[in-house]
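Please read all numbers here as calculations on a predicted model, not as lab measurements. The chains referred to below are lettered A, B, ... by the order of the sequence lines, with proteins before strands, and numbering in each begins at 1.
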2 protein chains.
Amino acid sequence: MSITIRKIAKDLQLAVSTVSKALSDSYEISAETKRRVLEYAEKLDYVPNLYASSLKQRKSHNIAVVVPEVADSFFSSAINGIESVAQTKGYHVIVYLTHEDLKKEEAILRDFRGGRVDGVLISVSGGAKRNSPIHDLSAKKFPLVFFDRACEEVEAAKVLTDDFESGYKATQHLIDRGCRKIAFLGTSEDLEIIDLRRMGYESALLSNKIKSKKKFILRCGNSEEENYSLIHKLLCRKDRPDGIVGSIEKLATLSYTLCYDLKLKISRDIKIVGFSSLPFASLLNPSLTTITQPAFEMGRTAATLLFNILENKKGEVPNQRIILPSSLMERSSTKK
Amino acid sequence: MSITIRKIAKDLQLAVSTVSKALSDSYEISAETKRRVLEYAEKLDYVPNLYASSLKQRKSHNIAVVVPEVADSFFSSAINGIESVAQTKGYHVIVYLTHEDLKKEEAILRDFRGGRVDGVLISVSGGAKRNSPIHDLSAKKFPLVFFDRACEEVEAAKVLTDDFESGYKATQHLIDRGCRKIAFLGTSEDLEIIDLRRMGYESALLSNKIKSKKKFILRCGNSEEENYSLIHKLLCRKDRPDGIVGSIEKLATLSYTLCYDLKLKISRDIKIVGFSSLPFASLLNPSLTTITQPAFEMGRTAATLLFNILENKKGEVPNQRIILPSSLMERSSTKK
DNA sequence: TTTATTTACGAAACCGTTTTCGTTCCCTTT
DNA sequence: AAAGGGAACGAAAACGGTTTCGTAAATAAA
């Protein structure tokens, strides 16, 4: 039997309301009574029941972070950024993993509607339609901020990078390094950011009068094995690409593995640039040229935005759209 | 205003208890009534209030995973392992990050006592004393399973690897490759697993009649910069080590960075073996020889154990101690 | 001195479920 | 026909806090 506010009240000959107020440091209670209550609570090692207070107060002091996975440098850094601000606000951050499974994501969001969290920061998983009804509904039900991977048509705050430009820059960089047959590794489902990166890629090709080939645009899936064989096939073509844009971290590293396996020398035979926030991209063999997003900063910004909404600061645009700059970090994988 | 069971009851001219039972598919309720309730609930998009039911039922259907950080391949994989079993049990897993801050860890555990979660899986942060009172108390308060980083003297289930043996193996491997001046990079606080790894290291040195030097045993901290300069100092000594055991993933990769900066050629000038579950350790330059723990499997096992406790399966030893094997993956960083 | 105001506390309602007992009503038994 | 036994549902008490609204005493204002 856990110790409750009622027990404290009885033992101290006080009303439960008095104890409750004393514990929350209400002005209605005298210093002396507060002291008695605090002391006794401490002594009994009283811990308030979360569910009782949340039920009554209609707030949980929790925010959710919903991400596809955590074994990705972008997400793990972003989570740290989010935590850094949640902490100052006295909020807990709860991490939910979708494993790129839209069904799971929907289940999680639906579950939130029960009041589990006060707000949500989300980077949607593949397959989330641009105007997913569930995301839309959720955004109307409670504060929701997209970061990095958003649903375009859902009205909510968003923290993004300029993915079109990033795709363009990555591709242009490869072209500058002499590549002419550049492949783009994307995901199978229609994620907006991947689409934009691909459009940037295609636009760069166009600017340089290079024909974009369907065969060089891969739609990778969720399974490592499947992706392995897809890229394998790509790299075994007669007109094998001489450059790769890996629009997801794991696709870039997987390309490395394939080059190893196929005895292709990265940078000489084929140049690679990957989207990644890996702290040790420079330790890879060869060091990987990356488009690096300000992951921590994006998390921080998104969380700040969320708290602005929660605290209902006026003067704030409700559905802000913030674009943070990402940068091309040139390394050996694209050396001439 | 959210829609509640009470509204459904009123609209359908039923008692709240009837609706509640219908929703939980109780045998007391006729099929017809169930159908009506379900249909109407669906129509109104009813979502049960989590706090109300948890308050009443005294269970949350949540389990917590408490880890120092998530930007570490071991932890991110372990989390996936945990999730894989939680999912089959209909439980949510909530990830808490301590950032290796014991104060924060204590606050989190204390918070749990309010009933936030039904059970906890924890890998303690540095500085957690062997018999930390808070962990001890927590273990008595609710189901708690340690994985990887445990508090030795706290009575609770544990899923571990043989860290002494791993430290020994790593060191012996370096000796076999010709190293004689081997450094051990550990953490500053007394984590049991690090201690065991270090003892394995020292034991291997002893077996080979190599004197262990205090100066070669580094106690790294939490800040990257600090660790950088610590290792920097180590590698600039006149009698610079010819081998390094990195007992934490980030210490191994940091050593790489330092070798780069100091123009030391890894494997020729200095050999490195690191504890890591990085999927792309083989992509590093040079590929990193690792002690790899079965991270996913450990997560899975720990979670299974926790659910056994939650379900109170008899015939199960309450405080099992399971040791899983880790393996030395030989790669280029320790080539002769 | 009377009236207003403040201070410090208590009683009770409430948050939205679950759960325990009843209580009907109807159908078997004997 | 009386007793017994389900089947289907309702009333009300929890769960452990918070919050509103009183109220008595103490203090200040008139």
Notebook entry, point to check: Do B:Phe307 and B:Tyr91 pass the ring-ring contact (aromatic ring centres under 6.0 Å, His included) test, and can you show the C-alpha distance, the side-chain angles, and the key distance before you say yes or no?
Noted result: CA-CA 10 Å; B:Phe307 282 111; B:Tyr91 267 71; 5.0 Å; yes
When you measure from the side-chain N and O atoms of [X] to the phosphate of [N], is any distance below 4.0 Å, counting only OP1 and OP2?
| X | N | result |
| --- | --- | --- |
| B:Ser30 | D:dC9 | yes |
| A:Arg58 | C:dG16 | yes |
| A:Tyr46 | D:dG17 | yes |

What is the distance, to the nearest angstrom, from the [atom1] atom on [X] to the [atom2] atom on [N]?
| X | N | atom1 | atom2 | result |
| --- | --- | --- | --- | --- |
| B:Lys59 | C:dT19 | NZ | P | 11 Å |
| A:Lys56 | D:dT18 | NZ | P | 10 Å |
| A:Ile3 | D:dC15 | CD1 | C1' | 15 Å |
| A:Ile29 | D:dT18 | CD1 | C1' | 13 Å |
| B:Asn49 | D:dC15 | CG | P | 18 Å |

Can you tell which of [options] lies closest to the side chain of [X]?
| X | options | answer |
| --- | --- | --- |
| B:Ile5 | C:dT18, D:dG17, C:dC15 | C:dT18 |
| A:Gln57 | D:dT19, C:dT17, D:dG17 | D:dT19 |
| A:Thr33 | C:dC9, D:dG16, C:dT17 | C:dC9 |
| A:Ser53 | D:dC15, D:dT18, C:dG16 | D:dT18 |

Check [Y] with [X], please: is the shortest side-chain N to carboxylate O separation under 4.0 Å?
| X | Y | result |
| --- | --- | --- |
| B:Arg149 | B:Glu100 | yes |
| A:Arg36 | A:Asp11 | no |
| B:Lys89 | B:Glu311 | yes |
| A:Glu83 | B:Lys104 | yes |
| A:Glu192 | A:Lys158 | no |
| A:Glu39 | A:Arg35 | yes |

Next item on the list: Could you check which residues of residues 12-28 of chain A get a heavy atom under 4.0 Å from DNA chain D? Sort them by number, please.
Entry: A:Ser17, A:Ser20, A:Lys21
Notebook entry, point to check: Looking at side-chain heavy atoms only, is the closest gap between A:Val95 and B:Tyr96 below 4.5 Å?
Noted result: no
Next item on the list: Please tell me if the side chains of B:Cys151 and B:Val124 come closer than 4.5 Å, counting only heavy atoms from C-beta onward.
Entry: yes
Check: Looking just at side-chain N and O atoms, do A:Ser30 and A:Thr33 make a donor-acceptor pair shorter than 3.5 Å?
Finding: yes
Notebook entry, point to check: Would B:Arg58 and A:Asn49 count as having a side-chain donor-acceptor pair, cut-off 3.5 Å?
Noted result: no
Check: After noting the C-alpha distance and the side-chain angles of A:Ile122 and A:Glu105, does the key distance pass the side-chain contact (heavy atoms from CB on, under 4.5 Å) rule?
Finding: CA-CA 10 Å; A:Ile122 188 172; A:Glu105 186 166 305; 3.7 Å; yes
Check: Between A:Lys34 and A:Ala52, which is nearer to the 5' end of DNA chain C once each is assigned its nearest nucleotide?
Finding: A:Lys34
Next item on the list: Report the end-to-end axis angle of the helix from C:dT1-D:dA30 to C:dT30-D:dA1; each axis comes from five terminal pairs, and the value is rounded to 10°.
Entry: 50°
Show each protein N/O and nucleotides 24-28 of chain D N/O combination with a separation under 3.5 Å, one pair to a line.
none

